[in-house]
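Contents: one structure, followed by commentary.
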Protein chains: 2
Amino acid sequence: MNKLIENDCCSGLEGILLPKMFKALSDPNRVSILIRLAECCAPCSVSEVAECCPVDLSVVSRHLAILREAGILEAQKRGKEVYYTVCSRTLVNTLRRIADALESCCPVDADPEVN
Amino acid sequence: MNKLIENDCCSGLEGILLPKMFKALSDPNRVSILIRLAECCAPCSVSEVAECCPVDLSVVSRHLAILREAGILEAQKRGKEVYYTVCSRTLVNTLRRIADALESCCPVDADPEVN
DNA sequence: ATTACATTTGCATAGTGGCACAAACGAGAA
DNA sequence: TTCTCGTTTGTGCCACTATGCAAATGTAAT
């Protein structure tokens with residue numbers, strides 16, 4: 001309880017560093033799904049996405065829903081199928097904003113040998 | 001099973017999109033801890049960090065270990081105390097690399113109305 | 001209407017995660 | 001050494017999560 005300056009430089013970090021988004025990406029299968037969709041570069045149906053992980057189709061469906069609710073994917077129904085797409089703009093902007101905030105806050109990695 | 005081009009544009013996405021890092025940030029208390037350390041801009045002891053969340057000190061200690069093992073924090077023992085610092089450079093670089101890879105892969109948000 | 005197919009949802013189960021409390025560990029001070 | 005303080009670790013509990021399977025829902029074609 002000496003310094004604890006509580007710098008406000010990382011303005012808004014609380015607003016962007018949302019656990020919900022990270023929780024969505026904390027599962028290996030969900031990450032595989034995201035990579036699959038990113039590499040595909042086009043909307044993919046649930047069945048197509050499911051090829052990337054060794055779990056039941058229903059599980060993939062649930063994972064897709066979690067990613068969608070986290071704002072990482074977008075769903076679009078077309079006929080019998082549901083096509084999922086990566087919300088890349090949102091995702092990229094969020095990651096960059098977090099990086100910027102962290103960088104402005106801890107400029108030079110808060111050199112461990114400061115004092 | 002028509003196109004599924006499996007573009008390799010997001011080169012190395014599998015290498016950087018590691019669930020371990022996201023898992024570490026998937027808990028609200030751990031995010032609070034990270035923000036606390038980022039705002040502090042200087043090494044903080046476990047007890048100092050613990051002021052930011054309403055859980056037992058032992059729990060904070062475990063959270064710090066998880067963040068450290070994920071490469072997000074760095075620990076440095078000094079006397080009786082252990083001081084934690086944000087590995088901001090690593091973290092920032094990782095976030096930017098993910099953003100870059102995603103962007104190069106899905107340039108214009110993979111416009112949902114393509115075909 | 002009936003059928004076929006794609007996806008979602010209900011349910012049960014096994015595994016994981018966060019938590020508090022207590023005990024152990026480690027390092028400096030008396 | 002003994003004491004004290006800061007941190008870590010062991011343990012048990014409760015909640016949540018991922019999973020598979022089966023049933024339900026929805027949609028297009030016959």
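Chain identifiers are assigned alphabetically (A, B, ...) following the order of the sequence lines, protein sequences preceding nucleic acid strands; residue numbering begins at 1 within each chain. All values below come from the heavy atoms of this structure, side chains included, with hydrogens, waters and symmetry mates left out.
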Nucleotides 24-30 of chain C: protein proximity per nucleotide (B base, S sugar-phosphate only, - neither; heavy atom, under 4.0 Å): --BBS--
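- Separating the CG atom of A:L57 from the P atom of D:dA24 is a distance of 18 Å, rounded to the nearest angstrom.
- At C:dT7, one or more side-chain N or O atoms of A:S47 fall inside 4.0 Å of OP1 or OP2 (strictly under the cut-off).
- One interatomic measurement links the two molecules: CD1 of A:I33 to P of C:dT7, which rounds to 13 Å at whole-angstrom precision.
- For A:R68 and B:R30, each mapped to the nucleotide of DNA chain C holding its nearest heavy atom, the one lying further toward the 5' end belongs to A:R68.
- C:dA23 atom P lies 14 Å from atom CG of B:D56, rounded to whole Å.
- Proximity of B:R62 to the phosphate of C:dG17: no side-chain N or O atom is located under 4.0 Å from OP1 or OP2.
- The side-chain hydrogen bond (donor to acceptor under 3.5 Å, both in side chains) check on A:S61 picks up nothing, with sequence neighbours excluded.
- In this structure, A:Y84 reaches the C:dT8 phosphate: one of its side-chain N or O atoms is under 4.0 Å from OP1 or OP2.
- The closest donor-acceptor contact from the side chain of A:R30 to the backbone of A:K23 lies under 3.5 Å.
- Using a 4.0 Å heavy-atom distance criterion, B:V55 is classed as a sugar-phosphate-only contact.
- B:L102 and A:L18 fall into different hydrophobic clusters, defined by Ile, Leu, Val, Met, Phe, Trp and Tyr side-chain heavy atoms under 4.5 Å apart, directly or through other members.
- Hydrophobic clustering of Ile, Leu, Val, Met, Phe, Trp and Tyr side chains at less than 4.5 Å, counting indirect connections, keeps B:I66 apart from B:I33.
- At most 12 non-hydrogen atoms from other residues, nucleotides or ligands lie less than 6.0 angstrom from CZ of A:R97.
- Residue side chain B:S58 does not reach the base of C:dC19 through any donor-acceptor N/O pair under 3.5 Å, judged by distance alone.
- The residue among B:K23 and A:S61 whose nearest nucleotide of DNA chain C is located toward the 5' end is A:S61.
- One atom, CD of A:E69, and another, C1' of C:dT8, lie 12 Å apart when rounded to the nearest Å.
- A:F22 has its CZ atom 19 Å from the C1' atom of C:dG17, to the nearest Å.
- Atom-to-atom, CG of B:L25 to P of C:dG17 comes out at 15 Å; the value is rounded to the nearest Å.
- Side-chain N or O atoms of B:R68 include none that pairs as donor or acceptor with a backbone N or O of B:L73 at under 3.5 Å.
- Not one N or O on the side chain of A:R36 forms a donor-acceptor pair closer than 3.5 Å with the backbone of A:C53.
- OP1 or OP2 of C:dC19 sits under 4.0 Å from a side-chain N or O of B:H63.
- In this entry the distance linking CG of B:L64 with C1' of C:dC19 reads 15 Å, nearest Å.
- Remark: P of D:dG26 and CD of A:E81 are 18 Å apart, rounded to the nearest angstrom.
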